[in-house]
Amino acid sequence: ARYKPYLGQDGLVLGIRPEHVTDAGDGAPAPGIAPFDIRLDVIEPMGHETLVYFTIGGETHCGRVHPDAGAAGGRPMRLAADLNHMHLMDAAGVVL
């Protein structure tokens with residue numbers, strides 16, 4: 001709701017940290033959670049978490065999933081973005 005005044009404007013950038021892009025899990029998503037299917041480019045096992053890298057619109061993005069989530073490079077995976085933690089910025093990088 002806080003970003004509704006900016007709907008349809010060009011040049012806006014969505015910012016979300018990797019810890020807010022996780023494996024989607026099973027069941028219905030909670031409010032503000034946006035699941036999406038993506039093909040993983042690279043995975044980076046880090047012990048207590050696995051970093052997953054994927055491409056959207058020619059840009060590389062990163063998420064953090066549980067090591068047992070089944071992430072594999074070159075394979076599809078269902079991830080979920082917690083939009084409750086997103087930021088919308090203008091072209092100059094000013095958070096709206």
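Computed from heavy atoms alone, side chains included, the values below leave out hydrogens, waters and symmetry copies. When a residue number appears, it is its place in the shown sequence, counting from 1.
Here the straight-line distance linking atom CZ of Arg75 with atom CE of Met77 works out to 11.0 Å at 0.5 Å rounding. Residue Lys4 holds its NZ atom at 15.0 Å from CZ of Arg2, rounded to the nearest 0.5 Å. Between atom CD1 of residue Ile16 and atom NE2 of residue His61 there is a gap of 11.0 Å, rounded to the nearest 0.5 Å. Of the inter-residue distances, the one linking Asp41 atom CG with Thr55 atom OG1 reads 3.5 Å to the nearest 0.5 angstrom. Rounding to the nearest 0.5 Å gives a distance of 13.0 Å between CG of Asp10 and CG of Asp90. Note: Asp37 CG to Leu79 CG = 8.5 Å, rounded to the nearest 0.5 Å.
Taking the six-membered ring where the residue is Trp, His85 and His20 present parallel rings, their angle staying beneath 30° rather than reaching 60°.
For the pair Ile38/Ile56, a side-chain contact is recorded, criterion being any heavy-atom separation below 4.5 Å from C-beta on. Put simply, the side chain of Phe36 reaches to within 4.5 Å of the side chain of Val21, judged on heavy atoms. Using a 4.5 Å cut-off on side-chain heavy atoms (C-beta onward), Leu83 and Ile33 make no contact. The closest side-chain heavy-atom distance from Leu96 to Leu12 is below 4.5 Å.
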Report task. Evaluate side chain to side chain contact (heavy atoms under 4.5 Å, CB included) for Thr60 paired with Phe54, printing each intermediate quantity in order. Result -> CA-CA 6 Å; Thr60 299; Phe54 52 94; over 6 Å; no
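The heavy-atom pair separating Pro67 from Thr50 by the smallest distance is CA-OG1, 3.6 Å. Shown here for Ala24 and Pro35, the closest heavy-atom pair between the two residues is CB-CB, 4.5 Å.
Cluster membership for Tyr6 and Val95, using ILVMFWY side-chain heavy atoms within less than 4.5 angstrom, is not shared. Val42 and Leu51 fall within the same hydrophobic cluster, defined by Ile, Leu, Val, Met, Phe, Trp and Tyr side-chain heavy atoms under 4.5 Å apart, directly or through other members.
Partner of Glu49 under the side chain to side chain contact (heavy atoms under 4.5 Å, CB included) criterion, out of Glu44, Glu19, Arg64: Arg64 alone.
With hydrogens and angles disregarded, a donor-acceptor distance shorter than 3.5 Å links the side chain of Asn84 to the backbone of Pro31.
Remark: Arg17 CZ is loosely packed, at most 12 non-hydrogen atoms of other residues, nucleotides or ligands lying under 6.0 Å away.
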